[in-house]
Amino acid sequence: MRKFVSIATTLMFVFAFGVANGQGYTFRVLANKGQNKVMKEGAASAVALKTGATLSDGDQLIASQGAYIGLMHKSGKTLEVRTPGTKKVSDLAKMVNTKSASVSSRYAKFLANKMNEKEKPNYRQRLNATGAAKRALAGDESIKALIPAEDASILGDKAIVTWDILEGMDEKVFIVTVKNIFDEEIMKEEVAGNSVTLDFTSGEMQNEEGLWIINVTAKENTDVSSGDIAIKRPENPAQYAEGLSSLQAEVEEDSPLNKVIYASFYEENGLIVDALTAIEEAIQMNPDVDDFKILKKDIIERNGIKVYKEEE
């Protein structure tokens, strides 16, 4: 199994912090959309809610119309707040089932550390770069698929593949083709936008070799291409079965926040295509939550996936 020294170090820090401060807060804010506020216990007025903030039993959460607030309980279980109004944190805590939270707690706490504004002073500014113009890197293809160039292993049956294009190009429609190990075309789809969902269990996409060669080409200009990109099954998929099964037993809801928890599991296990698919699902389920987009950008950066350089 691929090891991530940085993640292991982070987890050691988070667990040590949790033991020392476990009684100091009830929830940590993992995601936040809307003009939400928090009234801290004993405070004279409410303040803006921030991602990474902690909430205690005596605090009150003030959710705005159209809010989305993703909370991680100190046990590691997650809770989503979507309805407007003032809510006592102590009441929200009663809604959390804290039983059997050992596995989900591990990945939720990892996420809390990664998304903590205090440890990332430029947290919000980093999101702005996602909309910057792109220019070509020497030797790169015109289309850059945002998956690892090497060891793009996938455990799940579905992949959401996204891509960048060069600055100045106005291509909007793309042709995605998939070939098998024998160079036979097994899927071809026209896509409007910069992402495609691949189902490896459908039709001819099923194959015993567990290898798929993907190519993205602009419909109106075949010279604009990603080149061939390989996605494959891991050599020993059984090694992930126990951990994934334990997580599935604890995290039942098909919610954006829980998709993020799964993304964390996949990333630690080196399954980056699965991780990016999970976080992309979270984005698609709630596209207005900037925190999910920032997390996707972080996964891309941490795992050395090349993107076109952003203009300064």
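Residue numbers start at 1 and run along the sequence shown.
A distance-only check finds a donor-acceptor pair linking the side chain of Asn36 to the backbone of Ser64 [under 3.5 Å]. A donor-acceptor pair under 3.5 Å is absent between the side-chain atoms of Thr277 and the main chain of Ala159, judged by distance alone. Judged purely by atom type and a 3.5 angstrom limit, Asn194 has no side-chain atom pairing as donor or acceptor with the backbone of Thr162. Of the possible polar contacts, none joining the Gln60 side chain to the Met39 backbone as a donor-acceptor pair under 3.5 Å is found. A distance-only check finds a donor-acceptor pair linking the side chain of Arg28 to the backbone of Gly52 [under 3.5 Å]. No donor-acceptor pair under 3.5 Å is formed between the side chain of Asp274 and the backbone N or O of Tyr266. Within the 3.5 Å criterion, the main-chain N or O of Gly66 finds a donor-acceptor partner in the side chain of Lys33. Although no hydrogens or angles enter the test, the distance criterion places no donor-acceptor pair under 3.5 Å between the side chain of Glu268 and the main chain of Phe265. With hydrogens and angles ignored, the 3.5 Å screen pairs no side-chain donor or acceptor of Ser56 with any backbone N or O of Asp59. With hydrogens and angles ignored, the 3.5 Å screen pairs no side-chain donor or acceptor of Ser245 with any backbone N or O of Ala241.
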Side chain to side chain donor-acceptor pair (under 3.5 Å) between Thr217 and Asn215, intermediate numbers included: CA-CA 7 Å; Thr217 304; Asn215 186 284; 2.7 Å; yes
Please lay out, stage by stage, how Asn286 and Arg82 fare under the test side-chain contact (heavy atoms from CB on, under 4.5 Å). CA-CA 11 Å; Asn286 208 330; Arg82 296 175 179 268; 3.7 Å; yes
Using the side-chain contact (heavy atoms from CB on, under 4.5 Å) rule, take Leu79 and Leu92 through it: C-alpha gap first, then chi angles, then the decisive distance, then the call. CA-CA 8 Å; Leu79 179 70; Leu92 292 174; 4.0 Å; yes
Is there a side-chain contact (heavy atoms from CB on, under 4.5 Å) between Gln284 and Ile160? Walk through the geometry before answering. CA-CA 11 Å; Gln284 291 180 5; Ile160 300 177; 3.9 Å; yes
Could you give me the CA-CA distance, side-chain angles and deciding distance for Leu276 and Ile300, then say whether side-chain contact (heavy atoms from CB on, under 4.5 Å) is met? CA-CA 8 Å; Leu276 289 170; Ile300 289 170; 3.9 Å; yes
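Residues Glu209 and Lys232 are not paired through a salt bridge, judged by the lack of any N-O separation under 4.0 Å between the basic side chain and the carboxylate. Ion pairing of Glu190 with Lys219 is present here, as a side-chain N (NZ or NE/NH1/NH2) and a carboxylate O approach within less than 4.0 Å. In this structure, Arg233 pairs ionically with Asp157, as a charged nitrogen and a carboxylate oxygen lie closer than 4.0 Å. Note on Glu281 versus Lys259: salt bridge recorded, some NZ/NE/NH1/NH2 to OD/OE distance being below 4.0 Å.
For Lys87, the NZ atom counts as densely surrounded, since its 6.0 Å shell holds more than 12 non-hydrogen atoms of other residues, nucleotides or ligands. Other residues, nucleotides and ligands place more than 12 heavy atoms under 6.0 Å from the NZ atom of Lys40. Other residues, nucleotides and ligands place more than 12 heavy atoms under 6.0 Å from the CD atom of Glu185.
Note on Leu61: it clusters hydrophobically with Met95, by side-chain heavy-atom contacts below 4.5 Å among ILVMFWY residues. Hydrophobic clustering (side-chain heavy atoms under 4.5 Å, transitive across Ile, Leu, Val, Met, Phe, Trp, Tyr) keeps Leu211 apart from Ile272.
Heavy-atom minimum distance, Ala263 versus Ile299: CB-CD1, 4.5 Å. The minimum heavy-atom distance between Met72 and Tyr25, with the atom names listed, is CE-OH, 4.0 Å. Scanning all heavy atoms of the two residues, the minimum distance from Val251 to Tyr262 falls at O-OH, 3.3 Å. Of all heavy-atom pairs between Ile154 and Ile231, the closest is CG2-CG2, 3.4 Å. Between Pro237 and Pro234 the shortest heavy-atom distance is CD-O, 3.3 Å. Residues Phe292 and Leu257 approach most closely at CZ-N, 4.3 Å, considering heavy atoms.
Annotation: side chain of Leu71 is in contact with side chain of Leu55 (closest heavy-atom distance under 4.5 Å). Between Ser202 and Met205, the closest side-chain pair of non-hydrogen atoms falls below 4.5 Å.
The ring pair (Phe, Tyr, Trp, His ring centres under 6.0 Å) analysis of residues 33-56, with sequence neighbours excluded, yields no pairs.
Using a 3.5 Å distance cut-off with no hydrogens or angles, the side chains of Asp223 and Ser225 do not pair a donor with an acceptor. Between the side chains of Thr26 and Asp57, a donor-acceptor pair is found at a separation under 3.5 Å.
Rounded to the nearest 0.5 angstrom, Ile175 CD1 and Glu220 CD are separated by 9.0 Å.
By the salt bridge (charged side-chain N to carboxylate O under 4.0 Å, His left out) test, Glu280 is found to be paired with Lys296, residues two or more places apart in sequence or in another chain being considered.
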